[in-house]
There are 2 protein chains.
Amino acid sequence: MPDIMGRHRAILNEAHCQTCSLSSLCLPLALELEHMDQFDSIIRRRAPLKKGEPLFRQGDVFTSVFAVRSGSLKQVTTEGNGSDQLTNFYLPSELVGLDGINEATYPGSIIALETTTVCEIPFDRLDLLSEQLPELRGQLYRSMSKELREDRRMMRLLSRKTADQRLASFLITLSERFRRRGYSPYSFRLSMSRADIGNYLGLAVETVSRILSRFQSQKVVAVSGREVNVLDMPALIALSEEEEQELNSP
Amino acid sequence: MPDIMGRHRAILNEAHCQTCSLSSLCLPLALELEHMDQFDSIIRRRAPLKKGEPLFRQGDVFTSVFAVRSGSLKQVTTEGNGSDQLTNFYLPSELVGLDGINEATYPGSIIALETTTVCEIPFDRLDLLSEQLPELRGQLYRSMSKELREDRRMMRLLSRKTADQRLASFLITLSERFRRRGYSPYSFRLSMSRADIGNYLGLAVETVSRILSRFQSQKVVAVSGREVNVLDMPALIALSEEEEQELNSP
DNA sequence: CGAACTTTTGAGTCGAGTCAATCTTGGTGG
DNA sequence: CCACCAAGATTGACTCGACTCAAAAGTTCG
């Protein structure tokens, strides 16, 4: 009985920004308590997504952005012909759907990589609230700006880096994101398949697999299925930077 | 005398959003006249930049975004070691500096590719004004969202496309951007060097040059130095799409 | 417990990079 | 105004990293 009560309370707590453990990383991060109430009131809670389920599909009408509460998702864009491009992974506290604001529809599908819960934030209401709350508006601008910045980093990765550097960078970025969220930066589980990683990094699955094996034989990481242990972070960082390409400086 | 008067008036006219020929493409696009006055009043005009001059440098303190009035610019990011990455070209009506909002500094240098004029928009004042003008706020969100979307397209290009497809896509995108601005989509001048194009597309200069020569011999385009004539747009589009890579679909 | 999917490993090929040499062009100073 | 020089662009020869194809080994889940 007390157990059930306890769990029940925990779920209710989780369900509000004021008590959410992610609030220091998420959109309402800059808001005072009273304003957070207002923000919280426009949020819609959603039933958890199961692995493989879409949060929305490419072409769906844009209505909301979403904050990831737990789990993880991938963004996949399908071109006219059947080829897919995986353009992003989303972890807890990150905002999904910002690239849909511009046109009426979402430019890619968002698929859960594991059991995942999100907070839905209807954009028209968010926009209105951002009129009254400069901190919220600023945070929204910052979130988009940050994503722009990360995109530029990804472009550099794709146009300059070797397969080894890409994998190393990918593992470091993941590690860093886990660390910021309070998890171990040295030991984590990949929620995405090798195929997803390859698609995201512009590499063939075989290449991803081969390079992970090599990293393992170099004692830089230990990989077992989707379990990753970073054994030598400095070496991994060195791998992500070494032998920088020249390629005609402007 | 009337000539001078006329030119004088022309310059003054150009210098305000209300009479700027780009206003239908630029940030104040959605504003009514009275609101445009308010917007116009926060803009700072700048002396034209000469070719090669920076609008600002990587690491400079973020204060403003800029709208391109005439000419063109490139964004260049320098990594710890000396290697540069060209992440964007900016044409008239486009907004420069949005990726600086997030942190205190600009993540890359912006360099004029030719004689270029810009409108400076101090961000703190823009933010305040966006509180009062929902249309302005919406347009700002849309601009950032659009840039996110374009970044995703660029990532696909860099991770999936062959050198031929990249060059063809690049030419098509430029052509489209000129068309939207009222210039010929079939005949235009590249303001950037081959090295810039290569750096942007993740290709060696030699590859850019070779492929342009080949396109020329295939009678798809006629290239003479920086002058480009698109002879067969359908063929160019076909080149940008053909033989789509598979590379592990998620 | 087995079918389907995912991952790993091996062998062979090719697109695009590097290096090198030549040709053009645009800007500068005489 | 033109000649010159440095920077930019082109073309060729060679190399190599990552892809494709193929097959085996491991994992997941009904």
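The structure presented is a predicted model; accordingly, all values stated were derived computationally and were not measured. The chains referred to below are lettered A, B, ... by the order of the sequence lines, with proteins before strands, and numbering in each begins at 1.
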Quiz item: So, is B/R226 near the phosphate of D/dA9, with a side-chain N or O under 4.0 Å from OP1 or OP2?
Solution: yes
Exercise. Answer with yes or no whether B/R210 presents, from its side chain, a donor or acceptor under 3.5 Å of a partner atom in the base of C/dT18.
Key: yes
Exercise. Go through the side-chain N and O atoms of A/Q58 and A/T77 and say whether any donor and acceptor fall under 3.5 Å apart.
Key: no
Quiz item: With a 4.0 Å cut-off on heavy atoms, is A/R214 in touch with a base, just the backbone sugar-phosphate, or nothing at all?
Solution: nothing
Self-check item: Contact under 4.0 Å: A/S193 side-chain N or O vs C/dC5 OP1/OP2
Solution: no
Exercise. Looking only at side-chain atoms of A/T162, point me to the closest of C/dT8, D/dA18, D/dA9.
Key: D/dA18
Quiz item: What is the distance from CZ of A/F215 to P of C/dT8, rounded to the nearest Å?
Solution: 13 Å
Practice problem: Report the distance from atom CG of B/L190 to atom P of D/dG8, rounded to the nearest whole Å. | Solution: 15 Å
Self-check item: Reported CZ-to-CG distance for the pair A/R160 and B/L158, which is rounded to 0.5 angstrom
Solution: 9.0 Å
Practice problem: Report yes if the side chains of B/E120 and B/I43 come closer than 4.5 Å at any heavy-atom pair, otherwise no. | Solution: no
Quiz prompt | B/D164 CG to C/dA16 C1', straight-line distance once rounded to whole Å | solution = 10 Å
Quiz item: With a non-hydrogen cut-off below 4.0 angstrom, is B/S209 in contact with a base, only sugar-phosphate, or nothing?
Solution: base
Exercise. Quickly work out the B/L212 CG to C/dT24 P distance and round it to whole Å.
Key: 17 Å
Quiz item: Roughly how many Å is it from CZ in B/R160 to C1' in C/dG15, rounded to a whole number?
Solution: 16 Å
Quiz item: Base, sugar-phosphate alone, or nothing: which one does B/R166 contact when heavy atoms must sit under 4.0 Å apart?
Solution: nothing
Quiz item: Does some side-chain heavy atom of B/S72 sit less than 4.5 Å from a side-chain heavy atom of B/S191?
Solution: yes
Exercise. Measure the distance from CG on B/L201 to P on C/dG17 and round it to the nearest whole Å.
Key: 11 Å
Quiz item: DNA chain C: B/K51 or B/T207, which has the more 5' nearest nucleotide?
Solution: B/T207
Quiz item: Given that B/M192 and A/A163 both sit by DNA chain D, which one's nearest nucleotide is further toward the 5' end?
Solution: B/M192
Quiz item: Would you say the side-chain atoms of A/T78 and A/D84 include a donor-acceptor pair closer than 3.5 Å?
Solution: yes
Quiz item: Taking CD from B/E206 and P from C/dC23, how many angstroms apart are they, rounded to a whole number?
Solution: 17 Å
Self-check item: Gap between atoms CD and P, on A/E227 and D/dT28 respectively (whole Å)
Solution: 11 Å
